Amino acid sequence: MTMILPVSFYQREDVVQVARDLLGKVLVSSFDGIRTAGMITETEAYAGERDRASHAWNGRRTNRTEVMYGPPGRAYVYLCYGIHHLFNVVTNREEVPHAVLIRAIEPLDGIAVMQARRGMQVAGPSLTAGPGVLTTALGIRTHHSGLSLQGEPLYIEDRGIVIPEWESTPRIGVDYAGEDALLPYRFYITGNRYVSKLK
DNA sequence: ATGTCGATTTGCT
DNA sequence: GCAAATCGACATA
């Protein structure tokens, strides 16, 4: 039993709940007929205007963040540190810039292709454990920002995978966010090897 | 095993 | 000018 997550999944008001529910769902890319996919193992919620860690904090609105103010269920991809493409899904309703960052996946389909894209000789957790590396493995770039996630080339599906256990912690790399840096908005599957390592 | 540092676009001051 | 929702190369131990 497999189905693409409908817009109603993303449209919910609680972005933190959506972040948790995305654990165990499967992120699929199908560019140039090449299909790659992985189970989402780690996410982070970003609560828009009220969240100092969000690009949309205090209603900040730029060319880059415009897609977060659009309809839910679309990709928000941006360049981090000038080199890494980070993939998020837009949630809530239009004009409410909430989003969930996908931080890690466990490879399922097209592993050889992902290895080639990453330039790795042998597979291992570093293939897709981390927000910057999973986008490379799946071929996701900033020009995909704004894409609907309702079908090819990019979507998230429910394959009926049941998550045994999950945990939450503060988010990674948002020390600049003051008190909001302490919010338990990061979620990951307990014990999974494909979760980003803390440095 | 742990630490420092460079890459390099976008947005804020 | 500077810092950023990161990663990997290289150094030192």
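Only a predicted model underlies this, so the values are computations on that prediction, with no experimental measurement involved. Residue numbering restarts at 1 for every chain, and letters A, B, ... go by the order of the sequence lines.
Regarding A:Glu42, its CD atom lies at a distance of 12 Å from the C1' atom of C:dT6, rounded to whole Å. When rounded to the nearest whole Å, the span between CG of A:Leu127 and P of C:dG8 equals 10 Å. Nucleotide C:dA5 holds its P atom 18 Å from the CZ atom of A:Phe87, rounded to whole Å. Taking atom CZ of residue A:Arg171 and atom C1' of nucleotide C:dA4, one finds them 15 Å apart after rounding to whole Å. A:Ile102 places its CD1 atom 16 Å from the C1' atom of C:dT6, with the value rounded to the nearest Å. The separation between A:Leu86 atom CG and B:dA7 atom P is 20 Å, rounded to whole Å. Atom P of nucleotide C:dA5 and atom NZ of A:Lys197 are separated by 21 Å, given to the nearest angstrom. Protein atom CZ of A:Arg103 is 7 Å distant from nucleotide atom P of C:dC7, rounded to whole Å.
Within 4.0 Å of A:Arg118, counting heavy atoms only, lie sugar-phosphate atoms of the nucleic acid but no base atom.
If you take NE2 on A:His98 and OH on A:Tyr76, they are separated by 14.0 Å, rounding to the nearest 0.5 Å.
One side chain, A:Arg186 or A:Thr169, offers a donor N or O that lies under 3.5 Å from an acceptor on the other. If you check the side chains of A:Asn192 and A:Glu106, you find a donor sitting under 3.5 Å from an acceptor. Using a 3.5 Å distance cut-off with no hydrogens or angles, the side chains of A:Glu157 and A:Thr2 do not pair a donor with an acceptor.
Comparing C:dA5 with B:dG3, their C1' atoms are spaced 23 Å from each other, to the whole Å.
As the counterpart of B:dT8, no nucleotide is assigned, since no Watson-Crick or G-U wobble pattern has both distances under 3.5 Å.
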Please write out each protein N/O paired with an N/O of nucleotides 8-12 of chain B under 3.5 Å, distance rounded to 0.1 Å.
residue : atom : partner : partner atom : Å
B:dT8   : O2   : A:Tyr81 : O            : 2.9
B:dG11  : OP1  : A:Thr62 : OG1          : 2.9
B:dG11  : OP1  : A:Arg64 : N            : 2.9

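For the side-chain contact (heavy atoms from CB on, under 4.5 Å) test with A:Tyr46, the passing option among A:Val174, A:Asp180, A:Val100, A:Val16 is A:Val174; the others fail.
Of the candidate nucleotides C:dT6, C:dG8, C:dA5, C:dG8 has the atom nearest to the side chain of A:Val133.
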Show every donor-acceptor pair shorter than 3.5 Å between a side-chain atom in residues 29-37 of chain A and any protein atom, with sequence neighbours excluded, or say none if there are none.
residue : atom : partner  : partner atom : Å
A:Ser29 : OG   : A:Thr36  : OG1          : 2.6
A:Ser29 : OG   : A:Leu138 : O            : 2.8
A:Arg35 : NH1  : A:Tyr155 : OH           : 3.1
A:Thr36 : OG1  : A:Arg117 : NH1          : 3.3

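The shortest side-chain heavy-atom distance between A:Tyr185 and A:Arg171 falls under the 4.5 Å cut-off.
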